[in-house]
*Asks:* 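After the structure tokens below, expect a handful of questions from me.
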Amino acid sequence: MFKKQNIALWLLIAAVPLVAVLPLPDFWIAQLNYIGLYSLVCLGLVLLTGVGGLTSFGQAAFVGMGAYTTAWLTLNTGMSPWLTLFVGLALTAVSALIVGMITLRMSGHYLPLATIAWGLSLYYLMGNLDALGKYDGLLGLKSLSIGSIDIGQGRLFFVLTWAILLAGAIALLNLLDSRPGRAIRSLKGGSQMAEAMGISTFRYKVTIFIIAALFASVAGWLLAHFQRTVNPSAFGLKMGIEYLFMTVVGGVGYVWGAIVGAGLIKLLDDQLQVLLPALIGTSGSYEVIVFGIALVLVLKYLPDGLWSVVARKLPRPPRAVDWQNAADLPARSKPAVGDVVLKVDKIRKQFGGLTAVNDISFDIQAGQIVGLIGPNGAGKSTTFNLITGVLSKTSGQVLFRGEDISALPSREISRLGMARTFQHVKMIPDMTVLENVALGAYTRGSSGVVSSMLRTNQAEEQRMMKEAQRQLERIGMGAYLHEQAGNLAMGPQRLMEIARALCSDPALLLLDEPAAGLRHKEKQGLAQVLRQLQGEGMSILLVEHDMDLVMDVCDQLVVMEFGTLLTRGTPAEVQANPAVRAAYLGTEH
Ligand code: ADP
Ligand code: MG
């Protein structure tokens, strides 16, 4: 079901039944119930904001949606509250899908602004609909019951809420450690790398937006039957901000941060509401000011939240290697040596008046290493981006294994078996090397969000880990499997990117300046890796500045200058060409 190493999880699982039987005053049980409800909303924000990098102020509106759905249905139709939960979830999912489709293409500050607008409009809708009781809300809900057992608002409700919360936390932990989870974790680094791994970043943004909304909706359902009344004030923008605030204070990147934040803020809120008026002498919402100051201090001194302090102290045991006997992932058919893998035909890119790539043509045959060289600004990276679908072509055509890929986006091209690395290494620094490399195998698996949450994805997961290990060992990185990727030096980082690219089982590998920033020894190691890959039948396009490396490993060179093709040929031919010497030395020719 879930990993055994999570100490916090086991402590909580033990604590919930214990708290339920301890003779705690009812006041504290009620507090814990609120904390459980709020934590559920914050859990969604951990996924959406902490992991996915998407900020939402609108979660309270989804809480309201779950609450109003069950309130209206149980009061007006007599439907069982257990059924209304699912109606609420369905309504929430549909609205989150629509809101997400509209807003998640927006970048920067637009998304938070859009969620504010969404939160406000739902608040006023709830407050103005006669059927929903306007600003008075709906009163007289029943508490939840199972058969003849009334769950009420006390200890049984506590057990229910916290059981749901812990199930949600486990599902989230499972999700983050899976194929879709790695895709979600790649969102924060910008879309380029994720898309190059075959991941639809937009689809995953919408997915986590819906999941976060569903967590909020469940909390709303619980809240309605806990308070036995719903009114808009609990679902307004102020609460939306407060949920985000709780999550950030607790540690927006951590599942347990949600509970820490919700607990701390709820308790502080209550204490301050009593304490501050007594201190100041007049009543008012002064706690809001204290919270504002506290948030600034946390953001300044503990930007990763309170849980980050604990998380740093917890042991991080390396992933248990349980995949030795896993089957291999499906492999694609490879071109025969000598077949044309890539045909670049008169591709052209204009940036306004500048022709960065001017009708460039060349071929790559299977088993060849082709070097694309030229002075700075010659158009190499642009050519690379035109081939891999990152930039759109002004004109020209690219054929990959005979198929016209000219109009395809980069994730479709990667699915066909073209893999790439980046001039500036792009990785997920807080994942291990093994997990980063497994991201490359994304298109070779199919497990989705639900199977990952339920952990029925383990057979495929093991196959992916086995493949990632195999590719790391293939390029001599077997000793780094469990290392945190962000801790690697430049050389191993670049090799890790190559292993990640190899993990997709490519028919063509494109490397953008793989030797940049490497030391002499590491460059020799890289040359060795490239020759070995070639020996295994791999075709490679190499964009590189380092002439020694290029002359050493390439079969064919394509030389560019000012966007145009200067010449092409074997390294010896190119070296003997006076025009190339002139281009590099900057002399007239
Ligand atoms: P190289 O990789 O060979 O150093 P580039 O392909 O990065 O060269 O750039 C080729 C030319 O295109 C340069 O003159 C560069 O300034 C220009 N260029 C590259 N990208 C853009 C862009 N997005 N907008 C405008 N000009 C660009
Ligand atoms: Mg470049």
Side-chain angles (χ1 to χ4, degrees), residues 107-108 189-193 195-196 342 344-362 364 369-398 405-407 409-410 413 418-427 490-491 493-494 497-498 501 508-518 522-523 526 530 540-551 553-554 556-569 571 574-575 577 579-587 589:
S107 54
S191 60
Q192 232 191 63
M193 186 269 279
E195 293 276 332
L342 186 77
V344 177
D345 190 19
K346 290 205 177 124
I347 56 170
R348 184 182 189 86
K349 181 69 182 180
Q350 264 160 266
F351 294 113
L354 175 83
T355 307
V357 175
N358 190 351
D359 295 345
I360 293 289
S361 305
F362 63 92
I364 299 177
I369 301 183
V370 174
L372 181 58
I373 64 170
N376 249 333
K380 306 181 294 293
S381 288
T382 308
T383 304
F384 196 99
N385 287 332
L386 292 178
I387 296 171
T388 50
V390 171
L391 287 174
S392 61
K393 290 161 262 305
T394 306
S395 64
Q397 202 185 30
V398 180
I405 59 164
S406 307
S410 65
I413 294 176
M418 191 191 288
R420 66 167 294 180
T421 64
F422 293 86
Q423 183 172 345
H424 304 286
V425 174
K426 292 186 198 294
M427 58 177 174
M490 182 61 88
Q493 272 184 14
R494 290 202 177 278
E497 275 212 328
I498 297 178
L508 175 66
L509 190 59
L510 288 90
L511 307 176
D512 198 354
E513 304 212 11
L518 298 200
E522 292 175 320
K523 281 183 190 171
L526 177 67
L530 296 182
I540 300 173
L541 176 65
L542 179 66
V543 171
E544 184 51 66
H545 257 305
D546 190 282
M547 278 310 124
D548 292 338
L549 179 71
V550 169
M551 295 300 167
V553 301
C554 291
Q556 284 284 319
L557 292 181
V558 177
V559 189
M560 289 180 75
E561 188 190 20
F562 302 125
T564 53
L565 184 80
L566 190 59
T567 183
R568 41 190 294 192
V574 166
Q575 258 176 324
N577 188 323
V580 175
R581 288 169 176 245
Y584 270 91
L585 298 174
T587 52
H589 56 276

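The first residue of the sequence shown is numbered 1, and numbering continues consecutively from there. Read the numbers this way: they start at 1 and go in the same order the structure lists the ligands and their atoms.
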*Asks:* What I'd like to find out is whether the side chain of Met560 reaches to under 4.5 Å of the side chain of Ile373, using heavy atoms alone.
*Replies:*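 Result no, sub-4.5 Å side-chain heavy-atom pair not found.
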*Asks:* Among all protein heavy atoms, pick the one closest to atom 14 (O) of ligand 1 and tell me residue, atom and distance.
*Replies:*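 Here the nearest protein heavy atom works out to Leu354 CD2, 3.8 Å.
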*Asks:* Distance under 4.0 Å to a non-hydrogen atom of Ala378: what atoms of ligand 1 satisfy this?
*Replies:*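 Going through ligand 1 atom by atom, the ones under 4.0 Å from Ala378 are 1 (P), 3 (O), 8 (O).
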*Asks:* Search all heavy atoms of Ile360 against all heavy atoms of Leu565 and return the closest pair with its distance.
*Replies:*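 Taking every non-hydrogen atom into account, CD1-N, 3.4 Å.
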*Asks:* Could you pull out the closest heavy-atom pair between Phe362 and Ile387, with the gap in Å?
*Replies:*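 Scanning both residues, the minimum pair turns out to be CZ-CD1, 4.0 Å.
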*Asks:* State whether the side chain of Ser406 and the backbone N or O of Val398 hold a donor-acceptor pair below 3.5 Å, judged by distance alone.
*Replies:*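 At least one qualifying donor-acceptor pair exists.
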*Asks:* Out of Lys380, Glu561, His545, whose heavy atom sits nearest atom 3 (O) of ligand 1?
*Replies:*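 Nearest heavy atom to atom 3 (O) of ligand 1 lies in Lys380.
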*Asks:* Which residue supplies the protein heavy atom nearest to atom 23 (N) of ligand 1, what is that atom called, and how far is it?
*Replies:*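 I find the closest protein heavy atom is Phe351 CE2, 3.4 Å.
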*Asks:* Check this for me - ligand 1, Gly379, N or O atoms closer than 3.5 angstrom, yes or no?
*Replies:*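 Yes; the residue has a nitrogen or oxygen that sits under 3.5 Å from a nitrogen or oxygen of the ligand.
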*Asks:* Which of the atoms of ligand 1 are close to Asn376, meaning less than 4.0 Å from one of its heavy atoms?
*Replies:*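 Counting from 1, the qualifying ligand atoms are 4 (O).
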*Asks:* Could you check whether any side-chain N or O of Thr394 sits under 3.5 Å from a backbone N or O of Gln350, counting only pairs where one atom can act as donor and the other as acceptor?
*Replies:*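 Yes: the side chain of Thr394 pairs with the backbone of Gln350.
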*Asks:* Using modelled atom types and a 3.5 Å cut-off, is there a donor and acceptor pairing between side-chain atoms of Arg494 and backbone atoms of Gln423?
*Replies:*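 Confirmed, Arg494 side chain pairs with Gln423 backbone.
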*Asks:* So which heavy atom in the protein is nearest atom 5 (P) of ligand 1, and how far is it from that ligand atom?
*Replies:*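 Ranked first by proximity to atom 5 (P) of ligand 1 is Thr382 OG1, 3.6 Å.
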*Asks:* Output yes if Ser381 passes the N/O/S-under-2.8 Å test against the Mg ion (ligand 2); output no otherwise.
*Replies:*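 A backbone or side-chain N, O or S atom of Ser381 is under 2.8 Å from the Mg ion (ligand 2).
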*Asks:* What protein heavy atom lies closest to atom 10 (C) of ligand 1? Include the residue and the distance to one decimal.
*Replies:*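 Protein heavy atom with the smallest distance to atom 10 (C) of ligand 1: Gly377 O, 3.4 Å.
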*Asks:* May I ask you to list the atoms of ligand 1 that are less than 4.0 angstrom from any heavy atom of Ala356?
*Replies:*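 Near Ala356, meaning under 4.0 Å from one of its heavy atoms, ligand 1 has 11 (C), 12 (O).
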*Asks:* Quick check on contacts: which atoms of ligand 1 are under 4.0 angstrom from a heavy atom of Ser381?
*Replies:*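 Selected atoms, number and element: 1 (P), 2 (O), 6 (O), 7 (O).
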*Asks:* Specify whether the nearest protein heavy atom to atom 16 (O) of ligand 1 is under 4.0 angstrom away.
*Replies:*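 No, no protein heavy atom sits under 4.0 Å from atom 16 (O) of ligand 1.
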*Asks:* Test your reading of the structure: does Thr383 have an N or O sitting under 3.5 Å from an N or O of ligand 1?
*Replies:*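 In fact, backbone or side chain, Thr383 has no N or O that close.
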*Asks:* Looking only at heavy atoms, which two atoms of Leu541 and Leu372 are closest? And how far apart?
*Replies:*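 Of all heavy-atom pairs spanning Leu541 and Leu372, the closest is CD1-CB, 4.3 Å.
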*Asks:* Quick one, Met490 and Leu518 - any side-chain contact, counting heavy atoms below 4.5 Å?
*Replies:*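 Yes; the side chains approach each other to less than 4.5 Å.
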*Asks:* Testing the basics here: between Thr421 and Asp512, what is the closest heavy-atom pair and its distance to 0.1 Å?
*Replies:*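 That would be OG1-N, 3.4 Å.
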